[in-house]
Amino acid sequence: MHKGRTLVTGGAGFIGSHLCEQLLARGNEVLCVDNFYTGTRKNVQHLLANPRFELMRHDVCFPLYVEVDQIYNLACPASPVHYQFDPVQTTKTSVHGAINMLGLAKRVKAKILQASTSEVYGDPTVHPQPESYWGNINPIGPRSCYDEGKRCAETLFFDYRRQHNLNIKVARIFNTYGPRMHPNDGRVVSNFVMQALGNDDITIYGDGNQTRSFCYVDDLVDGLIRLMETPDDITGPINLGNPGEFTIRQLAETIIELTGSSSRLVSRPLPQDDPRQRQPDLGRANSILGWQPTTRLRDGLALVIDYFRSLQAEELPSKPLMKIVSNCA
Ligand code: NAD
Ligand code: UDP
Ligand code: UDP
């Protein structure tokens with residue numbers, strides 16, 4: 001088991017905070033770097049007392065000089081509402097952030113893992129999506145800042161491998177949900193649970209027959225750590241997600257049932273370039289990592305519902321995003 005010093009960028013975000021927690025539980029020293037764009041200090045509040053945990057406010061678009069053995073690069077807004085709020089900044093974070101973290105990995109000879117995404121497949125014409133599929137992406141649409149930024153980051157990872165022999169790992173993460181998702185991030189799970197808890201209308205975009213496959217965060221984090229611990233010749237990309245595929249309408253109905261809500265389903269326009277279907281082919285994850293998710297959607301949703309209920313009892317974090325005014329180099 002790796003006990004070295006680990007950098008987690010985006011560590012104060014939803015997935016990052018769970019990853020920091022798991023790494024600490026395994027005995028690692030963790031340096032969490034975040035500019036709090038979409039993440040919050042509160043997500044890692046419970047880790048601050050741990051002497052092996054350090055929190056640093058920093059924007060990965062700028063160089064970072066620290067000494068670490070491994071790097072998980074998660075810094076990037078992830079929900080469509082968040083990443084489209086300041087799309088230029090989103091691309092800068094993916095591309096400049098990747099260059100800086102790869103430069104850091106090169107200098108200190110650290111292993112580096114990129115949190116890539118199923119969005120690199122775009123609106124897929126191959127179903128389920130294997131890693132060998134090159135994708136179907138609009139390069140100039142409203143989702144492109146995220147999709148193309150993440151694709152360029154993958155390119156950079158593989159070029160740093162070919163050119164500088166870096167030890168890289170690329171995970172393609174499919175829709176992940178769990179406690180510490182931001183209640184106002186506009187993602188489907190957080191929107192539907194918040195709407196159901198308030199007995200408000202549940203907003204189905206389009207006909208609700210588009211599908212997604214939802215992975216519980218604990219399963220995902222286990223997959224990320226397994227990938228990081230593979231031998232040097234394993235680079236990925238490797239899909240990580242849950243193969244259980246549901247229509248958005250089914251998701252809404254399940255959430256209404258689990259919350260006992262009186263919400264009604266209402267239709268709203270489908271956002272441009274919204275992928276019709278998405279399901280991971282987990283062949284590589286099974287054979288290379290010996291990994292598969294174990295949390296059923298209903299069980300994971302019950303935990304998220306409890307989390308959002310507890311938030312409602314407190315004050316809701318409704319902070320609007322602020323434009324990042326600094327310029328990336
Ligand atoms: P999140 O928004 O909760 O976390 C992202 C974190 O990155 C936040 O804490 C944010 O403040 C930080 N950040 C953003 N820009 C930064 C910058 N320039 N410098 C430093 N920190 C910055 O989102 P998440 O769902 O936890 O996603 C984490 C990673 O996983 C992202 O890279 C995302 O693209 C990837 N991912 C997530 C999903 C998912 O379903 N949640 C799916 C595929 C990929
Ligand atoms: N970098 C960094 N931390 C380091 C080493 C490099 O942030 O410890 C940044 C550096 O500022 C550079 C980027 O990573 O912009 C890429 O570094 P690399 O050495 O690959 O390229 P070069 O410095 O030759 O442009
Ligand atoms: N969606 C929806 N209602 C909402 C939020 C999202 O019907 O209130 C749909 C959205 O159009 C998409 C799916 O749910 O088809 C997943 O959306 P999300 O933003 O969570 O993630 P992504 O599109 O990036 O997979």
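Atoms within each ligand, like the ligands themselves, are counted from 1 in listed order.
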* Heavy-atom nearest neighbour of atom 11 (O) of ligand 1 within options D34, L220, V8 -> D34
* **For P63, the ligand 2 atoms whose distance to one of its heavy atoms is below 4.0 Å** => 7 (O), 11 (O)
* Asked: Can you find an N or O of D59 that's nearer than 3.5 Å to an N or O of ligand 1?
  -> yes
* With a 4.0 Å heavy-atom cut-off (strictly under), which part of D274 contacts ligand 3: side chain, backbone, both or neither? -> side chain
* **Spacing of D207 atom CG and S267 atom OG [to the nearest 0.5 Å]** => 8.5 Å
* **Carboxylate-amine/guanidinium proximity below 4.0 Å for D274 and R212** => yes
* Of the protein's non-hydrogen atoms, which lies at the shortest distance from atom 3 (N) of ligand 3, and what is that distance? -> T203 O, 2.6 Å
* To do: State the atoms of ligand 3, each with its element, that fall below the 4.0 Å cut-off from a heavy-atom position in I204.
  => 7 (O)
* At a 4.0 Å cut-off, with the gap strictly under it, does some heavy atom of A12 reach an atom of ligand 1? -> yes
* Asked: So is T9 close enough to ligand 1, meaning a heavy atom under 4.0 angstrom away?
  -> no
* L64, any N or O under 3.5 Å of ligand 2 N or O -> yes
* Determine, considering heavy atoms only, which of N35, I173, L64 sits nearest to atom 42 (C) of ligand 1. => I173
* To do: Give the contacting part of S116 toward ligand 1: side chain, backbone, both or neither, where contact means a heavy-atom distance below 4.0 Å.
  => backbone
* What is the closest protein heavy atom to atom 17 (O) of ligand 2, and at what distance does it sit? -> G103 CA, 3.4 Å
* To do: With atom 36 (N) of ligand 1 as the reference point, say which of F174, Y146, F14 has the nearest heavy atom.
  => Y146
* Is the closest heavy atom of G186 to ligand 3 under 4.0 Å? -> yes
* Asked: Is it true that R107 and E67 make a salt bridge, defined as a side-chain N closer than 4.0 Å to a carboxylate O?
  -> yes
* **Close-contact set for ligand 3 against N191 heavy atoms, below 4.0 Å** => 4 (C), 5 (C), 8 (O)
* Asked: In terms of atom number and element, which parts of ligand 2 are under 4.0 angstrom from non-hydrogen atoms of I99?
  -> 13 (C), 14 (O), 16 (C)
* Does ligand 1 have any atom sitting under 4.0 Å from a heavy atom of R187? -> yes
* Proximity to ligand 1 by part of K150, non-hydrogen separation under 4.0 Å -> side chain
* To do: Check if R268 has a non-hydrogen atom at a distance under 4.0 Å from any atom of ligand 3.
  => no
* Q210 and ligand 3 - part of the residue with a heavy-atom distance under 4.0 Å -> side chain
* Structure fact -> The atoms of ligand 1 lying under 4.0 Å from a heavy atom of N175, numbered in the order shown, are 40 (O)
* To do: Could you check which of P77, C76, G241 puts a non-hydrogen atom nearest to atom 5 (C) of ligand 1?
  => C76
* Asked: Can you list the atoms of ligand 3 that are under 4.0 Å from a heavy atom of R187?
  -> 19 (O), 20 (O)
* Answer side chain, backbone, both or neither: which part of F36 comes under 4.0 Å from ligand 1, heavy atoms only. => backbone
* **Polar side chain donor-acceptor pair, N28 to T6, under 3.5 angstrom** => yes
* Measure the distance from atom 22 (P) of ligand 3 to every protein heavy atom, then report the residue, atom name and distance (to 0.1 Å) of the closest one. => R143 NH2, 3.5 Å
* To do: Could you tell me whether L74 and ligand 1 have an N or O pair separated by under 3.5 Å?
  => yes
* **Element-labelled atoms of ligand 2 that are located less than 4.0 Å from some non-hydrogen atom of R107** => 4 (C), 5 (C), 8 (O)
* To do: Give the contacting part of Y160 toward ligand 2: side chain, backbone, both or neither, where contact means a heavy-atom distance below 4.0 Å.
  => side chain
* Does ligand 3 have any atom that is closer than 4.0 Å to a heavy atom of R278? -> yes
* **Polar contact flag for H164 and ligand 2 (N/O pairs, less than 3.5 Å)** => no
* To do: Report yes if T176 has an N/O atom closer than 3.5 Å to an N/O atom of ligand 1; otherwise report no.
  => yes
* With backbone taken as N, CA, C and O and side chain as the heavy atoms from C-beta onward, which portion of I248 lies under 4.0 Å from ligand 3: side chain, backbone, both, or neither? -> side chain
* Asked: For ligand 3, is there an atom lying under 4.0 Å from some heavy atom of P80?
  -> yes
* Asked: So does E21 pair up with R26, basic N to acidic O under 4.0 Å?
  -> no
* With a cut-off of 4.0 Å, which atoms of ligand 2 are near a heavy atom of K106? -> 18 (P), 19 (O), 20 (O)
* Would you mind finding which of A78, G178, A153 brings a heavy atom closest to atom 23 (O) of ligand 1? => A78
* Hey, does Y205 come in under 3.5 Å of ligand 3, counting only N/O atoms on both sides? -> yes
* Asked: Can you tell which part of V60 has a heavy atom less than 4.0 Å from ligand 1: side chain, backbone, both or neither?
  -> both
* In terms of side-chain geometry, is the basic nitrogen of E119 or R278 positioned less than 4.0 Å from the acidic oxygen of its partner? -> yes
* Structure fact -> Under 4.0 Å from one or more heavy atoms of H58, ligand 1 contributes atoms 19 (N), 20 (C)
* To do: Could you tell me which atoms of ligand 1, counted from 1 in the order shown, lie closer than 4.0 angstrom to a heavy atom of G39?
  => 8 (C), 9 (O), 10 (C), 11 (O)
* Could you tell me whether ligand 1 has any atom less than 4.0 Å away from a heavy atom of K92? => no
* Asked: Cut-off 3.5 Å, side chains only: do H127 and E245 have a donor facing an acceptor?
  -> yes
* Aromatic ring proximity F246/F214, centre distance under 6.0 Å -> no
* State whether a side-chain donor-acceptor pair under 3.5 Å links Y216 with T294. => no
* Structure fact -> Output for pair (S263 OG, Q195 CD), nearest 0.5 Å, gives 7.0 Å
* Structure fact -> Taking only non-hydrogen atoms of G13 and a 4.0 Å limit, the atoms of ligand 1 in range are 3 (O), 4 (O), 8 (C), 9 (O)
* Do ligand 1 and I15 have nitrogen or oxygen atoms that lie under 3.5 Å from each other? -> yes
* Heavy atom of the protein closest to atom 15 (O) of ligand 2 (residue, atom name, distance) -> N100 OD1, 3.6 Å
* Asked: Are R151 and D147 ion-paired here, with the side-chain N under 4.0 Å from a carboxylate O?
  -> no
* Option whose closest heavy atom lies nearest to atom 21 (O) of ligand 3, chosen from V266, N175, V188 -> N175
* Asked: Are any of the side-chain nitrogens in E29 or R5 under 4.0 Å away from the carboxylate oxygens of its partner?
  -> yes
